[in-house]
Structures are given as C-alpha cells and as structure tokens.
Amino acid sequence: MHVVADRSETLTAIRTDLGAIFVSLELSRSTWLITSLSPGGGEKLSKHSVPSGDLFALFRRFDSVREKARARTGRDFPVVTIQEAGLDGFWIHRVLSKAGIESYVVDPASIAVSRRSRRAKTDKIDGETLVRALLAFKRSEPRICAMVKEPTPEQEDRRRICRERKVLTTERICHVNRIKGLLFAQGITDYEPLNRDRRDRLEELLTGDGRSLPRHLKAQISRELDRLELLLAQVKEIEIERDNLLHTEEHVTRSAAKLLIDIKGIGPEFAAVLCHEGLFRHFDNRRQVAAYAGLAPTPWQSGQVNREQGVSKTGNPRLRTTMVQLAWLWIRHQPGSNLTLWFQARLQRNGGRFKKTTIVALARKLLVALWKYATSGVIIEGALMKAA
C-alpha cells in the first residue's frame, strides 16, 4: 500500500508578493542589461538588453514588463528600479524619478557577495544580485545594502570648484617634481619652479660640473614652465571663484560657511570642502557623520577575538583627507581647545606612540564638533575665534 504524504506548498527562494515590478539596471558604455522580477511570474528573472543611453528603449521595456504582469494577474503594478553608483552619476536616476518611477542608487561595495577568491562575476549575476538586494531592502531587512542619497544638481555643481582645484594642485606638484628631477640629474638642487624669478634663474643655472644647461634640456624645462604657469593661473582663477561663492553664502544668516571661517585655523579651502562635501547633507547623529567621512571604527569580533581594524575608509575620501589635514593644523592653531588637550593627554598616555592613529581619532572628533557647531550652534569648548 502506497502512502502519499501531504506536501505543503513549496516555499519560493524569492518573495515576490510586495506588489511591484522590481528592476535592476546593469550599466555599461555599450549596453544596459535590464533584469526584472514581476508578480505572477514565480522566481523567473527576465533579462533584456538595450543600447546604452537609449531611454526610449528603456521605457518601452518597462511598458512591456507592465503589460505582461497585467496579463498574468489582471492588475497594474508600479516599477521599482535599482542601479549601482558609478560613472553614469545620477542623471538616469533623475530621469526615472521625474517619470514617476521609484528609483534607488546603491553603493556597490555595500552588497554582500561570495568571499571565494575566484568568485564568478558577470553582468547577468550582478543584475540578479541587485534585484535580490532591492527585494530585501524593500522588506526593511537591516544591513542589506547602503543606498546613496542623491545630491541636488546645485549641490553637485558647487562642489566642482574644490574638486577641480584638487586636480590642478596634483598636476602642479607633478610638473614641479618633474622639473626638479630633470635638474637634479645635472647636479642642480636649489631651483624652485614656483618662485617668480623661475625664468631668470633658469638662464643662470650651471650643472654640477660647471657647464651651461644643454639646449634641449633647457627647452624641455621651458615647456614644463609654460604648463606650470598655466596651472598656476587656473588655480588662482578657481580660488577667486571659490571665494566669491563663499562670500555669497556668508550673507546667509547662520550659514555653515560663515560659521566655519570665523574659527581660527580654518581658511576658505577647508570651509569650502567641509560645506560642499559633507555638511550640506542632513545627519541624524554623530555616528552618521563619522561614517560618511569614512572615519568610523571597524571592529573585528568573533568568539574571543576582539580587535579594532581602524577606520572604515568607506565614505567620502575628499572629506576624510581634509579632516586629517585640518586635525594637524588644529593642534597648532587651537592649543587650548579641549580637543587638543585630549590629543596631548592620549599621546602622553601612549608614551608618544601611535601619533598617526590618534590624529585620525582627533579628526573624527573634530568633524563631529564642527558638524554640531555649524548645524546647531554648539560652541567647541576652548576654541579660539578669529579677530573681527
């Protein structure tokens, strides 16, 4: 006698009862891979490709997916999309949002993947992973992924000034080092390309063995100086534009720029980076502030193992670098502040060791203090203000 056991309904690996069509966009320079999961279709993921940048084909694919879901279920479902933050920026997200589509941009580094050293990675697998991450996010599962908060076009445009200045400064350093390297090979070590008499000094230079500079070497250095002077002029132009922007913001009552510049040790460049890279956002608490700058601690705890790996470095790298630089200057210009006294006491307790680690901790504390000061007016204890 055959006994047939009652079988419960098979549990699906993907929960699809959230009442929406979930779509992931895997973007590349040539094609966009669209991976969708529709109600009534079970666990089957639909995949289609459209040419990169073809919005008409993208919306036509959305309409086709809606029609198929309507034919299966007799209902209309909204489309929810997800894409990784990357070279495409936020323009696709803004187009989708303007069209009434719920769109999300995710930090790709926050999505859990296989830890195997040779894990499989294709656009198809990445598209499926994004859909599953979106489903988990909409179910409000904790620590699934980190969605990127889109800046407004105006906020995105204002921070171009500081970023361009950083790029030009890096190029300036490269040209200066190249000129010094060329001359060092000839035994010349006292030439400064940034001095105003750089052209006159170039004509007077003698090699280490008493010769005049070779003709082709002098011509090469002259061309390097041409590019260097162009960079210096562009940096000066950008700094004037930055100062005008800060001057405009200073006229706003209790603006962050006005409050920051009033503190001794904080100049226009630091104030611009802090305002346009970090403090323009809304943060609920100090942990979010430190995490956005990548200055939050990263614990490693398992069983009896409990150690600290250092800062996460997962936030805004420009803001993090600026805060570390500002922390060194804070010690010099604010010797009587509570933050400086904490740094010195911590350093003394460690016997003068771990100075770089402690300065990063000071940078985290300083960022939180500046955030409280710029947003809530909380005075930094012991900090000196600039003379009026």
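Residue numbers count from 1 along this sequence.
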Chemist: Going from NE2 on H276 to CG on L319, what distance comes out if it is rounded to the nearest 0.5 angstrom?
Modeler: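 Going from NE2 on H276 over to CG on L319, the span is 13.0 Å.
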Chemist: To the nearest 0.5 Å, how far apart are OG in S110 and CZ in R143?
Modeler: 13.0 Å
Chemist: Here's a test for you: under side chain to side chain donor-acceptor pair (under 3.5 Å), which of R320, R159, R163 qualifies with E277?
Modeler: R163
Chemist: Under 4.5 Å between side-chain heavy atoms, hopping through other hydrophobics if needed: is there a path connecting F77 to L96?
Modeler: yes
Chemist: So which heavy atom on S49 is nearest to which on L33, and how close?
Modeler: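 Shortest heavy-atom separation between S49 and L33 comes out as OG-CD1, 3.7 Å.
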Chemist: Is there a path of hydrophobic side-chain contacts, each under 4.5 Å between heavy atoms of I/L/V/M/F/W/Y residues, joining W342 to I379?
Modeler: yes
Chemist: Looking only at heavy atoms, which two atoms of L45 and R132 are closest? And how far apart?
Modeler: CD1-NH1, 4.0 Å
Chemist: Within the distance-only criterion (no hydrogens, no angle test), does the side chain of Q288 pair as donor or acceptor with the backbone N or O of D284 below 3.5 angstrom?
Modeler: yes
Chemist: Looking at every heavy atom in both F59 and A99, which two are closest together, and how far apart are they?
Modeler: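 Nearest pair, atom of F59 first, then A99: CE2-CB, 3.8 Å.
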Chemist: For V105, which fellow cluster members are found when Ile, Leu, Val, Met, Phe, Trp and Tyr are connected by side-chain heavy-atom distances below 4.5 angstrom, either directly or through intermediates?
Modeler: F90, V148
Chemist: Does a salt bridge link R227 with E224, judged by any charged N lying under 4.0 Å from a carboxylate O?
Modeler: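 Counted as a salt bridge, because a side-chain N and a carboxylate O are separated by less than 4.0 Å.
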Chemist: To check you understand the geometry: which heavy-atom pair defines the closest contact between G278 and Y292, and what is its length?
Modeler: CA-CE2, 3.9 Å
Chemist: Starting from I101, can I reach V131 by hopping between I/L/V/M/F/W/Y residues whose side chains sit under 4.5 Å apart?
Modeler: no
Chemist: So E164 and E241, side chain to side chain contact (heavy atoms under 4.5 Å, CB included) or not? Walk me through it.
Modeler: CA-CA 12 Å; E164 185 181 1; E241 186 176 354; over 6 Å; no
Chemist: Using salt bridge (charged side-chain N to carboxylate O under 4.0 Å, His left out) as the criterion, list what pairs up with R281, not counting sequence neighbours.
Modeler: none
Chemist: Quick one: hydrophobic cluster around I221, which other residues, with the 4.5 Å side-chain cut-off, linked directly or via members?
Modeler: V176, I179, L182, L183, I188, Y191, L194, L202, L205, L213, L217, L225, L228, L232
Chemist: If you look only at distance, which donor and acceptor atoms sit under 3.5 Å apart when one is on a side chain in residues 259-272 and the other is two or more places apart or in another chain?
Modeler:
from : atom 1 : to   : atom 2 : distance (Å)
E269 : OE1    : R242 : NH1    : 2.6

Chemist: Listed by chain and number, what are the side-chain hydrogen bond (donor to acceptor under 3.5 Å, both in side chains) partners of S222, not counting sequence neighbours?
Modeler: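 Once residues adjacent in sequence are excluded, S222 has no partner under the side-chain hydrogen bond (donor to acceptor under 3.5 Å, both in side chains) criterion.
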Chemist: With a cut-off of 3.5 Å and sequence neighbours excluded, list every side-chain donor-acceptor pair involving residues 21-28.
Modeler:
from : atom 1 : to   : atom 2 : distance (Å)
S24  : OG     : G127 : O      : 2.9
S28  : OG     : T31  : N      : 3.2
S28  : OG     : T31  : O      : 2.6

Chemist: When clusters are formed by joining ILVMFWY residues with side-chain heavy atoms under 4.5 Å apart, either directly or through shared neighbours, do L384 and L341 land in the same one?
Modeler: no
Chemist: Using the side chain to side chain contact (heavy atoms under 4.5 Å, CB included) rule, take I331 and I359 through it: C-alpha gap first, then chi angles, then the decisive distance, then the call.
Modeler: CA-CA 9 Å; I331 298 171; I359 203 68; 3.3 Å; yes
Chemist: Check whether any side-chain heavy atom of T35 sits under 4.5 Å from a side-chain heavy atom of L130, and report yes or no.
Modeler: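 Not touching, per the 4.5 Å side-chain cut-off.
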Chemist: Would you indicate whether the side-chain heavy atoms of T81 and F62 approach each other to under 4.5 Å?
Modeler: yes
Chemist: Report, as yes or no, whether the 6.0 Å neighbourhood of atom CD on E237 holds more than 12 heavy atoms from other residues, nucleotides or ligands.
Modeler: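 Check fails, neighbour count at 12 or below.
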Chemist: Which atom names give the shortest non-hydrogen contact between A133 and C145, and what distance separates them?
Modeler: O-SG, 4.4 Å
Chemist: Answer yes or no: is there a side-chain heavy-atom contact under 4.5 Å between Q344 and Q348?
Modeler: no
Chemist: Would you say E150 and S97 make side-chain contact, with heavy atoms under 4.5 Å?
Modeler: no
Chemist: Working to the nearest 0.5 Å, report the span between CD of Q325 and OG1 of T321.
Modeler: 6.5 Å
Chemist: Not counting sequence neighbours, which residues clear salt bridge (charged side-chain N to carboxylate O under 4.0 Å, His left out) with D63? List them please.
Modeler: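 Counting only residues at least two positions away or on another chain, D63 forms a salt bridge (charged side-chain N to carboxylate O under 4.0 Å, His left out) with R66.
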Chemist: Just wondering, are more than 12 heavy atoms of other shown residues or ligands nearer than 6.0 Å to CD in E381?
Modeler: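 Count not over threshold, so no.
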Chemist: Heavy-atom count check: over 12 atoms from other residues, nucleotides or ligands less than 6.0 Å from W91 CH2?
Modeler: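 Buried by this count: over 12 neighbours within 6.0 Å.
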Chemist: Quick one: list whatever passes salt bridge (charged side-chain N to carboxylate O under 4.0 Å, His left out) with K166, sequence neighbours left out.
Modeler: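 Testing K166 for salt bridge (charged side-chain N to carboxylate O under 4.0 Å, His left out), a comparison that skips the adjacent residues, returns none.
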Chemist: Could you grab the distance from atom CG of L231 to atom CZ of R172, nearest 0.5 Å is fine?
Modeler: 8.5 Å
Chemist: For the CZ atom of R119 and the CZ atom of R115, what is their distance to the nearest 0.5 Å?
Modeler: 12.5 Å
Chemist: Less than 4.0 Å between a side-chain N and a carboxylate O, is that true for R201 and D190?
Modeler: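 Salt bridge present between D190 and R201.
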Chemist: Just jot down the side-chain hydrogen bond (donor to acceptor under 3.5 Å, both in side chains) partners of T207, sequence neighbours excluded, or say none.
Modeler: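 D209.
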Chemist: Name all pairs fulfilling the ring-ring contact (aromatic ring centres under 6.0 Å, His included) condition that reach into residues 105-151, sequence neighbours left out, sorted by first residue then second.
Modeler: Y104-F137
Chemist: Can R199 and D226 be counted as an ion pair, charged N to O under 4.0 angstrom?
Modeler: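 Counted as a salt bridge, because a side-chain N and a carboxylate O are separated by less than 4.0 Å.
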Chemist: Yes or no on side chain to side chain contact (heavy atoms under 4.5 Å, CB included) for E192 and K180, after CA distance, side-chain angles and deciding distance?
Modeler: CA-CA 8 Å; E192 290 296 334; K180 288 185 175 182; 3.3 Å; yes
Chemist: Keeping the roles fixed (side chain from T122, backbone from I125), state whether a donor-acceptor pair exists under 3.5 Å.
Modeler: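 Yes, T122 side chain to I125 backbone: donor-acceptor pair under 3.5 Å.
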Chemist: Only counting residues at least two apart or in another chain, list the ones meeting side-chain hydrogen bond (donor to acceptor under 3.5 Å, both in side chains) with Q83.
Modeler: none
Chemist: Taking side chain as C-beta onward, heavy atoms only, is R160 less than 4.5 Å from D157?
Modeler: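 R160 vs D157: side chains touch.
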Chemist: Write down the atom of P299, the atom of P297, and the distance for their closest heavy-atom approach.
Modeler: CD-O, 3.6 Å
Chemist: Nearest 0.5 angstrom please: S212 OG to Q186 CD, how far?
Modeler: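 It is 11.5 Å, given to the nearest 0.5 Å.
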Chemist: Heavy-atom distance under 4.5 Å between the side chains of K149 and H282, does that happen here?
Modeler: yes
Chemist: Looking only at atom types and distance, does a side-chain atom of S312 sit under 3.5 Å from a main-chain N or O of T298, one as donor and one as acceptor?
Modeler: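 No, the answer is negative, given that no donor and acceptor are paired below the 3.5 Å cut-off.
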Chemist: Keeping the roles fixed (side chain from N285, backbone from R287), state whether a donor-acceptor pair exists under 3.5 Å.
Modeler: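 Flag set: sc N285 to bb R287 pair under 3.5 Å.
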Chemist: Determine, using the 4.5 Å side-chain heavy-atom cutoff (strictly less than), whether I82 and L55 are members of one ILVMFWY cluster.
Modeler: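 Cluster IDs for I82 and L55 differ.
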Chemist: Side chains of F56 and R60: closer than 4.5 Å at any heavy-atom pair?
Modeler: yes
Chemist: Would you say the side chain of F280 lies within less than 4.5 Å of the side chain of T152, judging by non-hydrogen atoms?
Modeler: no
Chemist: Checking T340 side chain against G336 main chain: does a donor-acceptor pair fall under 3.5 Å?
Modeler: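 Not confirmed, T340 side chain does not pair with G336 backbone.
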Chemist: Distance-only criterion, 3.5 Å: show the donor-acceptor pairs between side-chain atoms of residues 361-371 and protein atoms not counting sequence neighbours.
Modeler:
from : atom 1 : to   : atom 2 : distance (Å)
R364 : NH1    : L295 : O      : 2.8

Chemist: Just by distance, no angles: are the side chains of H175 and R178 close enough, under 3.5 Å, to form a donor-acceptor pair?
Modeler: yes
Chemist: May I have the step-by-step check of side chain to side chain contact (heavy atoms under 4.5 Å, CB included) for K218 and R215, ending in yes or no?
Modeler: CA-CA 5 Å; K218 183 183 293 187; R215 178 168 59 91; over 6 Å; no
